[in-house]
2 protein chains.
Amino acid sequence: MSYSVGQVAGFAGVTVRTLHHYDEIGLLRPGARSAAGHRRYDDADLDRLQRILFYRELGFPLEEVAVLLDDPDIDPQAHLRRQHGLLTDRIERLEKMAAAVERAMEARKMGINLTPEEKFEVFGDFDPDDYQEEVEQRWGSTEAYKESQRRTASYTKEDWKRIQEEADELGNRFLALMAAGTPPESEAAMDLAEEHRQGICRNHYECGHELHACLGRMYVSDHRFTENIDKAGPGLAAYLRDAILANAERHG
Amino acid sequence: MSYSVGQVAGFAGVTVRTLHHYDEIGLLRPGARSAAGHRRYDDADLDRLQRILFYRELGFPLEEVAVLLDDPDIDPQAHLRRQHGLLTDRIERLEKMAAAVERAMEARKMGINLTPEEKFEVFGDFDPDDYQEEVEQRWGSTEAYKESQRRTASYTKEDWKRIQEEADELGNRFLALMAAGTPPESEAAMDLAEEHRQGICRNHYECGHELHACLGRMYVSDHRFTENIDKAGPGLAAYLRDAILANAERHG
DNA sequence: GGTGCGTCCTCACGTCGCGTGAGGTGCAAG
DNA sequence: CTTGCACCTCACGCGACGTGAGGACGCACC
């Protein structure tokens, strides 16, 4: 079972040119070529194309789509789950917009006028804004940051929730150690720090021990991190840093 | 109350360059310029920008957005209604995709494999396909067709439903005349034909009497039209054509 | 009174995801 | 045998901006 460009274009609802383009940029190379040099797509290619079109539909640039599809730790099921998550996120966003439009209709009936900021609330408040800017200033050119951007772009709400839960749980285990009076240089604390590092690797970016140590120091030196972490329990940031540094030294 | 590019870009969540671009192409000209040549946006400009971003978000090309926004028979309320309609359509589509993904997950669990066509059903069966192609062949280069494409692009499901109802109602009134034995050249039939023509003007494209006459002839000469029309009542297509031709002659 | 700095301006070229010919090949049917 | 169709490879075009380059304006602080 193999198909020509025309056939594939037919049931995928794209043009032949699009398939040529995907071949050119290496996003979808047909499994084979006929003797005459004609592209021949097999079933696996169709599956891949389906995924490509799905992510494209949701606005991902083709380059990112390629990264997603070639990521070895995303199997077919994981893709379906992720797709479902992305869809529900998107639906939620549109429903909020619809609700905002309804409110606007109400407001107009009553002759209310909105402030400039309010006028754009339709699009949802994605406003880490000035903070985001500083992040770009400090980290924009590093590899780790770029990788994080790439990976988190396709995270759904459920993904974020899971990551948050993981982090909370880890925090609680650190707090338990602190409460028990276990020193941050102890085996147990260092093991937790190691788990912390691996969590970052899984969810955000490749984080070696050295980078992890930098991160730990910043948890204390940058008060915004400190405050945020200490919300779970005062002193946690400092304890975390010490455990991280001890763990880094152990592996260095 | 007037705002600089930077401010507007700020609360609209777009770049300054985007605003420059919209100015260049005439989509959003700021209400005024300062002495130094700086763009100054007023409240009306903000409203317009909000609409622009809304339609852009739903994937309209900027040129079409301009047409929509400058259409004099779309007042603010109408825009809100249309926006709401477009949103619900979109949500419906995404929900269907989500459902399809769920089915795919089920299918995968049971190890079923899908045929190539089935694989792409996720994207909803928009398959006037070969028919669509012929339409393009025959009408692709005419002004009326382009106008129709432009206008129907922003129609929501509700719009289509309304248009369908209008058409059905008109059909029934024609059938009543036929049943009563009224000739298609009668005043009553010609008036209905005129109403039919004006319906096309409102909902699809500028349709003069001459074009209308062509259309009428085609209703009989192209059997696909004939069959479709005669589903409402046998002989309707021919009767419709005769009434249209009589009406066209009356106005010619 | 200079001297940064931040925001604004206008070119003008670069990018992404294709669309759209132009010109040529391989092969089946009339 | 040639006509037609589906395929091929360049290669330029386009929409919606991104991204500097190079310069003007305004204000704040030394």
Side-chain angles (χ1 to χ4, degrees), chain A residues 2-41 45 49 52-67 69 130 133-134 136-137 140-141 146 149-150 153, chain B residues 2-41 45 49 52-67 69 130 133-134 136-137 140-141 146 149-150 153:
Chain A
S2 92
Y3 313 88
S4 71
V5 264
Q7 289 174 332
V8 175
F11 39 66
V14 300
T15 66
V16 170
R17 174 66 178 115
T18 300
L19 294 175
H20 284 178
H21 184 57
Y22 292 170
D23 188 0
E24 273 174 36
I25 64 174
L27 179 55
L28 179 66
R29 313 225 102 117
R33 292 262 188 161
S34 78
H38 293 190
R39 294 170 176 82
R40 306 259 69 193
Y41 294 86
D45 294 334
L49 178 56
I52 291 172
L53 295 181
F54 188 97
Y55 288 117
R56 183 189 73 163
E57 171 94 10
L58 292 182
F60 287 86
L62 296 183
E63 206 174 327
E64 258 173 56
V65 174
V67 174
L69 294 187
D130 48 350
E133 256 175 56
E134 191 200 326
E136 298 250 348
Q137 285 291 325
S141 57
K146 282 185 208 156
Q149 284 293 81
R150 274 207 308 277
Chain B
S2 89
Y3 313 88
S4 71
V5 265
Q7 290 174 329
V8 175
F11 39 68
V14 300
T15 66
V16 170
R17 174 67 178 114
T18 300
L19 294 175
H20 284 178
H21 183 58
Y22 292 170
D23 189 0
E24 274 175 34
I25 64 173
L27 179 54
L28 180 67
R29 313 225 101 118
R33 292 263 187 159
S34 80
H38 293 191
R39 295 171 177 81
R40 306 261 65 191
Y41 295 84
D45 295 333
L49 178 55
I52 291 171
L53 296 181
F54 188 96
Y55 288 117
R56 184 189 71 165
E57 172 93 11
L58 293 183
F60 287 86
L62 296 184
E63 206 174 327
E64 257 172 55
V65 173
V67 174
L69 293 186
D130 47 351
E133 257 176 54
E134 192 200 325
E136 298 251 347
Q137 286 290 326
S141 58
K146 283 184 206 157
Q149 285 291 82
R150 273 206 307 277

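Letters go in sequence order (proteins before strands), and every chain restarts at 1.
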query: According to a strict under-4.0 Å criterion, is A/R33 in side-chain N/O contact with OP1 or OP2 of D/dT9?
result: yes

query: Could you state the OH-P distance from B/Y41 to C/dC8, rounded to the nearest angstrom?
result: 10 Å

- prompt: Rounded to the nearest Å, what distance is computed from the CZ atom of residue B/R56 to the C1' atom of nucleotide D/dC17?
  reply: 9 Å

query: Are OP1 or OP2 of C/dG17 and a side-chain N or O of A/T18 less than 4.0 angstrom apart?
result: no

query: Between C/dC18 and A/Y22, is there an OP1 or OP2 to side-chain N/O distance shorter than 4.0 Å?
result: yes

- prompt: If you measure from CG on A/L49 to OH on A/Y3, what distance do you get to the nearest 0.5 Å?
  reply: 12.5 Å

- request: Taking only the side-chain nitrogens and oxygens of A/R39, find out if one of them lies under 4.0 Å from OP1 or OP2 of D/dC7.
  value: no

- request: Please state how far atom CG in A/D23 lies from atom C1' in C/dG17, giving the value in whole angstrom units.
  value: 15 Å

message: Are the side chains of A/V14 and A/Y22 in contact, using a 4.5 Å heavy-atom criterion?
response: no

task: Let me know the distance between NE2 of B/H20 and P of D/dG20, rounded to the nearest Å.
output: 16 Å

field: Phosphate OP1/OP2 of D/dC7: any A/S4 side-chain N/O under 4.0 Å
entry: yes

- prompt: Any ion pair linking B/D45 and B/R39 (charged N to carboxylate O, less than 4.0 Å)?
  reply: no

message: Closest approach to the side chain of B/P61, judged atom by atom: which nucleotide of D/dC8, D/dA16, C/dC18 is it?
response: D/dA16

query: Can you find a side chain N or O atom of B/T15 that sits less than 4.0 Å from OP1 or OP2 on D/dG18?
result: yes

- request: Could you tell me the separation between the CZ atom of B/R40 and the C1' atom of C/dC9, rounded to a whole number of Å?
  value: 14 Å

field: Separation of atom NE2 in A/H38 from atom C1' in C/dT25, rounded to whole Å
entry: 7 Å

Backbone of A/P61 reached by a side-chain donor or acceptor of A/E64 within 3.5 Å: no

- request: Could you state the atom-to-atom distance from CD of A/E24 to C1' of D/dA11 in whole Å?
  value: 10 Å

statement: Distance col, row B/T18:OG1 vs B/L62:CG, nearest 0.5 angstrom, shows 9.5 Å

- request: Would you classify B/S34 as touching base, sugar-phosphate or nothing, given that sugar-phosphate means primed atoms plus P, OP1 and OP2, and contacts are heavy atoms under 4.0 Å?
  value: nothing

task: On DNA chain D, check which nucleotide each of B/R17 and A/V5 is closest to and give me the residue with the more 5' one.
output: A/V5

- prompt: Whole-Å distance between D/dC10 P and A/H21 NE2?
  reply: 16 Å

field: A/A36 vs A/I25, nearer the 5' end of DNA chain C by closest nucleotide
entry: A/I25

